[in-house]
Amino acid sequence: MKRVVVGLSGGVDSSVAAYLLQQQGYEVIGLFMKNWHDDSVTISNECPWLEDSNDALLVAEKLGIPFQTVDLSEEYKEKIVDYMFNEYEKGRTPNPDVLCNREIKFDVFMKIALSLGADYVATGHYCQKSEIEVDGETVYQLIAGNDINKDQSYFLCQLSQEQLAKALFPIGALTKPEVREIAAEMELVTAEKKDSQGLCFIGKVRLPEFLQQKLQPKEGKIVQVDKNDPIYSAEDTSGLSLEEQLKAESDKLHYVPTMGKVVGKHQGAHYFTNGQRKGLNVGGTTDPLFVIATDVDTNTIYTGLSSNHPGLFKKALFVGNSEVHWVRTDLALKSGESMEVMARIRYRQPLQKATLYQFENGMYVHFDEPQSAITEGQFVAWYLENELVGSGVIS
């Protein structure tokens, strides 16, 4: 009998995942990951992890499976929280959920599970896994979840073949309503529980408040750049090589404060991200202002009027070689090669037509349509049909 350790989070998805594995004849063990206990950076008095671990325990009791809590907060702090602060200080916007899967759930947590004699680790993610044979070797495929509204393959875009080999996603073929229905039939305490929002560790704390505890506020200017500014006039790229053209299309525009008018003040450029609209607190404009760039060196935020301001859009992005990751290592591009894919630059974004171009120093992702708010530090993931084959950190 194969043994599976399920990461029971106290939510409905992982509860049903455990139940389904049990039905499929696995020996199931439930583990709750405690990732956070540093009181110096928790704001609310509510302690969501206690409530969640209690719900996870009740589900385990109902299913009659062994249960324990593992404290991963040390590793979490080191691998996720410190990384996030470092990225924010550099003016990049990290994605903690992608990292949490790569560094915690399918690494630290997986090692604990395997040490308990598990054959597999299972989670309540809405995605699927299949396998094919390539040159006599088994290759694992990461496939989108069947529920288009809930597909979470993007969050697993940094997994490796070794991690996928040991992973199971029991609810990937189901829709959210079907999952809730199974939980209700089984009278699981989590059946009606709302989906958790926010980071996978700080529970109910909102990100800017969390960041303010470590990154000191520092007043700076909000500058509004006109959509007809010469910086947006198309460069002549006729004599350039393909690589130079792609570089020109993906490069950051260099804004200086004198380009626009000062429309307000902010408390720190590193709290803001491209495409952000809320939290600027600038009144009296005809359309909403959007962040089009942040400069942490001069502590300036550049904004543009309306969601179709040219400062928001780019057709290409760059991923440095060290940050190009292929889930399907057998498909990795060599320098000079290209591949047509579907790609997304954020969770829930509909897939966009794009072409990958691999060069000596890294990869360009060139989109058919201009993309709004391509953000450094976030992940771009690329797919062939419904299979996620690779990803990278936008640089």
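Because the structure is predicted, anything quoted here is derived from the model rather than measured. Residues take their numbers from the sequence shown, with the count starting at 1.
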Hey, are [Y] and [X] close enough side-chain-wise for a donor-acceptor pair under 3.5 Å?
| X | Y | result |
| --- | --- | --- |
| Gln141 | Ser130 | yes |
| Asn321 | Gln358 | yes |
| Ser338 | Thr355 | no |
| Ser391 | Gln158 | yes |
| Asp295 | Tyr255 | no |

Exercise. Who are the salt bridge (Lys or Arg N to Asp or Glu O under 4.0 Å) partners of Glu87, not counting sequence neighbours?
Worked result: Lys90, Arg92

For this session: Determine, using the 4.5 Å side-chain heavy-atom cutoff (strictly less than), whether Leu240 and Leu242 are members of one ILVMFWY cluster.
Result: no

So do the side chains of [X] and [Y] get within less than 4.5 Å of each other, counting heavy atoms only?
| X | Y | result |
| --- | --- | --- |
| Asp97 | Tyr347 | no |
| Thr294 | Tyr302 | no |
| Asp52 | Lys193 | yes |

Exercise. Can we say Lys77 and Asp82 salt-bridge, meaning some charged N sits less than 4.0 Å from an Asp/Glu carboxylate O?
Worked result: yes

Problem set entry | side-chain hydrogen bond (donor to acceptor under 3.5 Å, both in side chains) partner of His366, the single match among Gln245, Glu249, Lys315, Lys353 | Glu249

Problem set entry | Distance-minimising heavy-atom pair for Val282 and Val263 | CG1-O, 3.5 Å

